[in-house]
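Atoms considered below: every heavy atom in the structure, side chains included; atoms not considered: hydrogens, waters and symmetry mates.
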Amino acid sequence: MKLCDIVSRLSAAGIENSAFEARLLASYFTGIPESRLIAEKDAILPETNALADAVSRRAAREPLQYILGQWDFMGLTFKVTRDCLIPRADTEILCELGIKMLPLGGKLLDLCTGSGCIAASVAHYRTDASVTTLEKYENTASVARENFMRLNDGKVKLVVADATS
């Protein structure tokens with residue numbers, strides 16, 4: 001299979017950024033750096049069931065981020081699953097504003113934290129801040145907990161509870 005075959009399949013499925021997504025999938029599942037895939041567009045990729053399955057899933061319109069199991073936000077890589085929303089570039093604007101506006105030694109409470117991308121980013125870039133999160137669902141909290149441990153050495157406090165009670 002060639003990268004151009006993946007691009008064609010994704011394009012035929014209506015994937016808007018098919019070349020970009022094909023490179024991400026190919027790189028992730030083969031270990032070939034994206035830069036090499038850009039330079040050698042006609043190179044034959046190693047046949048892997050994981051890559052073939054990933055291409056099929058994406059062609060069926062499953063979100064790329066869930067297929068990869070991770071996504072970048074604020075320069076950090078977050079684990080994501082179907083149990084949480086996918087971190088979005090628009091939310092980075094909100095997060096940057098929070099980082100700037102939070103007073104020195106300030107406290108942040110992130111309700112319905114999901115993957116924890118906002119809280120973990122604030123804690124990463126504002127080490128003086130105290131960050132607490134609240135998540136209702138244990139499966140989602142598990143994703144956030146893993147991100148906090150990997151990105152913040154567990155310094156973000158996670159509470160599993162319903163924000164309405």
Flag if over 12 foreign heavy atoms under 6.0 Å of [atom1], [X]:
X	atom1	value
Ile44	CD1	no
Leu109	CG	yes
Glu138	CD	yes

Just by modelled atom types, is the [Y] backbone N or O under 3.5 Å from a matching donor or acceptor in the [X] side chain?
X	Y	result
Asn147	Phe78	no
Thr140	Gly114	no
Asp128	Gly105	yes
Arg58	Ile67	no
Thr133	Lys157	yes
Arg9	Ala22	no
Thr30	Ala26	yes
Arg57	Leu64	no

Rounded at 0.5 Å granularity, tell me how far [atom1] in [X] sits from [atom2] in [Y].
X	Y	atom1	atom2	value
Ser18	Leu25	OG	CG	11.0 Å
Ser142	Glu135	OG	CD	11.0 Å
Ile86	Gln70	CD1	CD	13.0 Å
Leu45	Glu40	CG	CD	10.0 Å
Asp90	Cys95	CG	SG	13.0 Å
Leu10	Arg61	CG	CZ	9.5 Å

Taking the side chain as every heavy atom from C-beta outward, state whether [X] and [Y] have any pair of such atoms under 4.5 Å apart.
X	Y	value
Thr132	Lys107	no
Tyr137	Asp83	no
Phe29	Leu68	yes
Asp5	Val55	no

Fill in: Tyr66 to Cys84 - nearest heavy-atom pair and separation
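Shortest heavy-atom separation between Tyr66 and Cys84 comes out as OH-O, 2.7 Å.
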Discussion item. Apply side-chain contact (heavy atoms from CB on, under 4.5 Å) to residues Leu51 and Ile6 and explain how you reach the verdict.
Written reply: CA-CA 10 Å; Leu51 177 58; Ile6 298 172; 4.1 Å; yes
Item to complete: Indicate, with yes or no, if Leu102 and Leu134 share a hydrophobic cluster defined by side-chain heavy-atom contacts under 4.5 Å among Ile, Leu, Val, Met, Phe, Trp and Tyr.
Response: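 No, no single cluster joins them.
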Worksheet item: Do Leu158 and Leu108 belong together in a cluster built from hydrophobic side chains that touch within less than 4.5 Å?
Response: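 Yes, because Leu158 and Leu108 connect within a single hydrophobic cluster, where side-chain heavy atoms sit under 4.5 Å apart.
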Worksheet item: Looking at residues at least two apart in the chain, or sitting in another chain, which of them share a side-chain contact (heavy atoms from CB on, under 4.5 Å) with Asp162?
Response: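 Residues passing side-chain contact (heavy atoms from CB on, under 4.5 Å) with Asp162: Lys136, Thr164, Ser165.
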Worksheet entry | Derivation of the side-chain contact (heavy atoms from CB on, under 4.5 Å) call for Thr113 and Phe148 | CA-CA 11 Å; Thr113 196; Phe148 298 151; 4.1 Å; yes
Residues 117-125, side-chain donor-acceptor partners within the protein, below 3.5 Å, at least two apart:
from, atom 1, to, atom 2, distance (Å)
Ser121, OG, Cys117, O, 2.7
Tyr125, OH, Met74, O, 2.5

Discussion item. Could you work out, with side-chain hydrogen bond (donor to acceptor under 3.5 Å, both in side chains) as the rule, every residue matching Asp72, not counting sequence neighbours?
Written reply: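 Asp72 satisfies side-chain hydrogen bond (donor to acceptor under 3.5 Å, both in side chains) with Thr77 once adjacent residues are dropped.
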Fill in: Steps toward side-chain contact (heavy atoms from CB on, under 4.5 Å) verdict (Arg145, Val156)
CA-CA 9 Å; Arg145 190 176 294 112; Val156 175; over 6 Å; no
Worksheet item: When you look at Val131 and Lys155, which way does the side-chain contact (heavy atoms from CB on, under 4.5 Å) test go after all the steps?
Response: CA-CA 8 Å; Val131 181; Lys155 293 177 184 169; over 6 Å; no
